[in-house]
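Heads up: numbering here begins at 1 and tracks the sequence. Bear in mind that the values here come from a model prediction, so they are computed numbers and not experimental data.
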Amino acid sequence: METPKLTHVVLVSSPGLGHLIPVIELAKRFVLLHNFKVTVIAVTSQTSPAETQILNSLLTPSLCHLIDIPSPDINALVSPNDAVVTRLCVVMSEAKLAIRSILSEINPRPSAVIVDVFSTETIPIARELDILGYVYIASHASMLALVLYSPVLDELVEGQYVDQTEPIKIPGCKPVRPENVFDPMLDRNDRQYTEYLKIGNGVLQSDGVLVNTWEELQREELEALREGGSLSEALNMKIPVYAVGPLVREPELVTNSSTESLVTWLNQQPTQSVVYVSFGSGGTLSSEQMKELAWGLELSEQRFLWVVRPSIEGIADAAFFTTGSSGIDEVAKYLPEGFVSRTREVGLLVPEWAQQVTILGHRSIGGFLSHCGWGSTLESVTNGVPLIAWPLYAEQRMNAALLAEELGVAVGPRVLPTKKVVRREEIEEMVREVIEGVESVKGNRVRKRVKEVQQSAMKALSKGGSSLVALSQLANRISG
């Protein structure tokens with residue numbers, strides 16, 4: 001009897017937890033739902049303890065095969081002031097030869113390669129090796145639409161995007177306010193803008209795109225992107241778009257004493273009484289903003305769990321490559337004098353990084369003050385936790401607008417935190433609004449709405465749900 005052919009898929013991830021975690025979660029789905037053999041090629045920063053912990057905890061030899069490529073030395077190719085996007089694009093460009101070597105020699109021969117948004121230079125390699133090549137956008141459909149349409153906007157729009165007086169129009173999609181564009185679009189003279197424009201063209205060379213969203217959440221944008229849609233027509237785009245989300249982590253096993261003590265503390269708090277504060281794997285605040293946030297939390301008189309890291313002036317994503325490097329004594333000196341002792345009964349400070357899914361899934365969490373990274377956003381809404389939107393970098397301003405204005409699952413400051421310091425009084429107000437939801441009309445509306453979105457997400461991932469069907473269609477095409 002002939003042995004069934006084993007379908008082998010290779011996934012490629014660029015450095016950073018926000019890229020690595022979604023790739024690993026997608027890999028798991030192919031293994032567990034479709035019995036594929038999966039290899040993950042992870043280009044890692046080698047400087048992030050949290051990244052190492054994630055790799056060790058999420059990838060087991062029986063589930064996926066991991067090939068870890070240390071980041072190439074790019075010091076001669078970038079300047080010290082180059083942005084994260086520039087550095088990521090250059091790292092992945094320099095890693096091409098190593099990736100090509102792996103793809104050409106790996107056994108069994110892959111049926112498909114799926115790359116993240118910063119790894120699109122791998123697509124021509126896949127085509128050269130006669131392997132299907134797909135791009136996985138770990139963000140939402142609006143973000144994909146903006147990335148794809150940016151080369152067109154580059155020709156249509158004169159001057160800086162941030163200086164435009166009207167929202168930026170994308171066929172078939174909701175307009176984007178100039179201040180909410182993806183970071184590389186903030187300065188068209190910066191090198192990261194040039195690198196960014198290559199991404200959209202790279203996606204269009206693929207055999208299809210996977211997006212970490214679901215039909216019911218963004219039907220309008222997905223229809224615009226697909227064949228016959230207005231954006232697809234404008235781009236002459238012929239590739240399928242698969243909405244396969246929300247792909248989020250399962251709650252982690254409590255693997256160390258610090259997480260154990262954190263969970264013990266949460267167990268002692270009333271239901272939905274704690275605001276969780278975290279700015280993702282890379283986000284940092286200025287010293288002034290950090291102190292205002294501390295004062296706002298204290299004035300709110302609400303319980304809080306704050307993943308805190310040292311302040312850094314002027315660079316919102318300064319911890320991107322180094323997450324997990326500081327201790328509590330180092331970060332405490334950036335907080336107001338006496339803050340730690342005054343809030344000891346109601347607050348818990350965690351240095352640098354925490355097992356976020358474990359926290360967000362806990363019954364005591366009532367709100368999430370978040371940088372609005374898409375991974376964190378999905379982890380929050382799939383647990384029915386309303387957000388306080390505090391965007392810092394990348395596409396987070398766009399995410400925050402989607403959450404607060406379109407979906408209604410978040411509240412936010414009146415002015416973007418990237419434009420001015422958010423003062424303690426407004427922070428106090430937002431925290432109270434979300435945690436004391438039943439006593440606030442707006443807070444109650446947000447809490448109710450996030451439960452609706454949670455149900456929609458669960459339906460998409462249930463048997464016969466839109467996202468499971470989309471992933472099956474893709475799996476059939478790959479194995480076909």
| request: Return the set of residues passing salt bridge (charged side-chain N to carboxylate O under 4.0 Å, His left out) with Glu301 (not counting sequence neighbours), or none when no residue passes. | output: Arg432
| His371 NE2 to Thr284 OG1 distance, which is reported to the nearest 0.5 Å | 11.5 Å
| request: Quick one: pull up CG in Leu231 and CG in Leu146 and give me the separation to the nearest 0.5 Å. | output: 10.0 Å
| said: Please enumerate all residues that pass salt bridge (charged side-chain N to carboxylate O under 4.0 Å, His left out) together with Arg344, with sequence neighbours excluded. | reply: none
| field | Minimum-distance pair of heavy atoms, taken over all atoms of Leu17 and Pro22 | value | O-CD, 3.9 Å
| Who are the side chain to side chain donor-acceptor pair (under 3.5 Å) partners of Ser467, not counting sequence neighbours? | none
| message | Please list all pairs meeting salt bridge (charged side-chain N to carboxylate O under 4.0 Å, His left out) that have one or both residues in residues 268-279, counting only residues at least two apart or in different chains. | response | none
| query | Can you name the residues that form a salt bridge (charged side-chain N to carboxylate O under 4.0 Å, His left out) with Glu250, not counting sequence neighbours? | reply | none
| message | Quick check against the 3.5 Å criterion: does Ser380 have a side-chain atom that pairs as donor or acceptor with the backbone of Val385? | response | yes
| Does any non-hydrogen side-chain atom of Lys28 lie less than 4.5 Å from one of Leu63? | yes
| query | Who pairs with Glu223 by salt bridge (charged side-chain N to carboxylate O under 4.0 Å, His left out), at least two apart in sequence or on another chain? | reply | none
| query | salt bridge (charged side-chain N to carboxylate O under 4.0 Å, His left out): which pairs involve residues 403-417, sequence neighbours left out? | reply | Lys174-Glu406, Arg177-Glu405, Arg414-Glu426, Arg414-Glu429
| query | Can a salt bridge be assigned to the pair Arg342 and Glu298 using a cut-off of 4.0 Å between side-chain N and carboxylate O? | reply | yes
| query | Which residue pairs pass the salt bridge (charged side-chain N to carboxylate O under 4.0 Å, His left out) test with at least one member in residues 224-244, sequence neighbours excluded? | reply | Glu215-Arg226
| message | Applying side chain to side chain donor-acceptor pair (under 3.5 Å), can you list everything that pairs with Ser119, at least two apart in sequence or on another chain? | response | Asp116
| query | Any side-chain heavy atom of Leu186 sitting closer than 4.5 Å to one from Arg397? | reply | yes
| Partners passing side-chain contact (heavy atoms from CB on, under 4.5 Å) against Ala294 (at least two apart in sequence or in another chain) | Trp306, Leu335, Pro336, Phe339
| task | Please identify each residue that fulfils side chain to side chain donor-acceptor pair (under 3.5 Å) with Ser232, with sequence neighbours left out. | result | none
| message | Applying side chain to side chain donor-acceptor pair (under 3.5 Å), can you list everything that pairs with Tyr161, at least two apart in sequence or on another chain? | response | Tyr193
| request: Salt-bridge test for Glu379 and Arg249: reply yes if a basic N is under 4.0 Å from a carboxylate O, no otherwise. | output: yes
